[in-house]
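As structure tokens, the structure follows; a few thoughts come after it.
Just so it is clear, the model here is predicted, and its values are computed rather than measured. Each chain gets a letter, A, B and so on, in the order its sequence line appears, and its residues count up from 1.
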Number of protein chains: 2
Amino acid sequence: MAEAEAKVLPEATVARLTHYLRALNALEAQGLERTSSGVLAKEAGVNPAILRKDLSWLGSYGTRGVGYVVRELAEHINNTLGLNRDWRVLILGAGNLGRALSGYAGFAIRGFKVQAILDVDPAMIGSRVGQLQVEDSRDLASVVEREEINIAVLAVPGQAAQDLIYELSDLGVNSVLSFAPKPLVVPRGMNVRRVDLSTELQILAYLAVQS
Amino acid sequence: MAEAEAKVLPEATVARLTHYLRALNALEAQGLERTSSGVLAKEAGVNPAILRKDLSWLGSYGTRGVGYVVRELAEHINNTLGLNRDWRVLILGAGNLGRALSGYAGFAIRGFKVQAILDVDPAMIGSRVGQLQVEDSRDLASVVEREEINIAVLAVPGQAAQDLIYELSDLGVNSVLSFAPKPLVVPRGMNVRRVDLSTELQILAYLAVQS
DNA sequence: GGCTGTGAACTCATTCACAGCT
DNA sequence: AGCTGTGAATGAGTTCACAGCC
């Protein structure tokens, strides 16, 4: 029953949809009511053909010869991405990164709310981070239940991240954003996205050497 | 002369090479001198076939029937990625994220050194961040020269990031890691990698809805 | 005439499967 | 016999190019 279903949209398409959303918001802020794949693609930094192909996954929301209605299209993408409801986020790890993430403007996107932040370090527990107070990692289960957490962010070292993935899975938190430098073994049914800063820097080093 | 040359390795391969490096270090720490594509692939979280294909780009460093010498292979990947020298990093933006990044353990990878951190906000300038003092963004050119910066990290809002890209390009800093939520227009010859936290969260929301 | 929606062509990346060396 | 290195097969993702509708 609670089995993970097949993904409907290619992941690359989903990533671009978020860019179209931002672009549509920018156009709306400029007072535009209608737009075309050319204009929108430019604003989103992609090529118009793939934009149209991406949108075609959602159905026909444009008008041939005319274009798209900005607000209508934005609304439709919002619904498709599941952004028409609230997501309650838990941050694990109250070090530099965890603290920064809990305050980071990018997390203040409509619909995402950081509900709690946990750490294992007794010296850290109880300290303030923005509106929140750092809680004890050992209370993970009760915090998840109390705050009805949907999404966890792992800002902890590699091995701790791997251990937490299993705990979170058991607690029914199936969506995780991990900053651990190590690729994690992911339990069935769980969705994990990784942001790997050290890999990004190393890729830049390689590219710099090439040029 | 200073034209960017064609990339030699596929970008996906470069990204995985960094994982092999980490995996090799882990194996070496366990005291292993030799390994095989199967063992290494498992540690790195990839399939053995693509690991061998990736390594074949670097030449033949394994022995058929035997495997790879851990230290030798690690050294070779290091050289290929340009990690056998120092990279001097500048952080632009001393907000939550910029400060966290300058202290983040992931940045302490051998060879990457944060040399300076800048901000536009007068209230921020002069404050301490770890070993560093926040300097004035208007001094960008002189800081880049003084610290011989190779890599810049953009931890500033969208439009500021776009403006800075051009300035950095003019100053000869051709490698940039951007945390701005907006895809940037990249001047010729410049290498930009993006980390987009809001996109990652939105993708997680989508995946959560699917499952 | 203009712009969408989409099949077909193409490019890029991964996996398979096996020849070749030790 | 065992494990690498790699051509061939497959799959995923992007771009092209145009038919179809306004």
Given A:R193 and A:E11, is the salt bridge (Lys or Arg N to Asp or Glu O under 4.0 Å) satisfied, shown in steps?
CA-CA 11 Å; A:R193 301 279 307 178; A:E11 204 144 300; 2.4 Å; yes

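- Within a heavy-atom distance below 4.0 Å of DNA chain D, the residues of residues 41-55 of chain A found are A:N47, A:A49, A:I50, A:R52, A:K53.
- The stretch residues 58-67 of chain A touches DNA chain D through A:T63, A:R64, each having a heavy atom under 4.0 angstrom from the strand.
- Residues B:I77 and B:Y20 come closest through the heavy atom pair CD1-CB, 4.0 Å.
- At a cut-off of 3.5 Å, with distance as the only test, no side-chain donor of B:N78 or B:N84 sits close to an acceptor on the other residue.
- The nearest whole Å value for the distance from the CG atom in B:L9 to the P atom in C:dT14 is 13 Å.
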Could you go step by step and tell me if A:L17 and A:W57 meet the side-chain contact (heavy atoms from CB on, under 4.5 Å) rule?
CA-CA 11 Å; A:L17 286 176; A:W57 285 93; over 6 Å; no

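- When rounded to the nearest whole Å, the span between CZ of B:R16 and P of C:dA13 equals 9 Å.
- Heavy-atom contacts from other residues, nucleotides or ligands closer than 6.0 Å to CZ of A:R85 number more than 12.
- Screening residues 59-75 of chain A for side-chain hydrogen bond (donor to acceptor under 3.5 Å, both in side chains) gives A:E28-A:R71, A:Y61-A:H76 as the qualifying pairs, with residues at least two apart or on separate chains.
- Of all non-hydrogen atoms in A:A152 and A:L92, the two that sit nearest each other are CB-CD1, 4.3 Å.
- Within the 4.5 Å cutoff, the side chain of B:W87 has no heavy atoms near those of the A:L204 side chain.
- Applying the salt bridge (Lys or Arg N to Asp or Glu O under 4.0 Å) test to residues at least two apart or on different chains, the pairs with a partner in residues 33-60 of chain B are B:R16-B:D54.
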Could you go through A:R88 and A:Q115, starting from their C-alpha distance and side-chain angles, then the distance that decides it, and tell me whether this counts as side-chain contact (heavy atoms from CB on, under 4.5 Å)?
CA-CA 6 Å; A:R88 288 176 298 280; A:Q115 299 283 9; 2.9 Å; yes

Do A:Q202 and B:R22 pass the side-chain contact (heavy atoms from CB on, under 4.5 Å) test, and can you show the C-alpha distance, the side-chain angles, and the key distance before you say yes or no?
CA-CA 12 Å; A:Q202 292 177 18; B:R22 198 184 10 67; over 6 Å; no

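- Listed by residue number, there are no residues of residues 17-34 of chain A with a heavy-atom contact under 4.0 Å to DNA chain D.
- Taking 4.0 Å as the cutoff to heavy atoms of chain B, we find the contact window on DNA chain D bounded by D:dG2 to D:dA8.
- Crowding of A:R138 atom CZ: a count of heavy atoms from other residues, nucleotides or ligands under 6.0 Å not exceeding 12.
- The two atoms that bring B:D119 and B:G95 nearest to each other are OD2-N, 3.9 Å, heavy atoms only.
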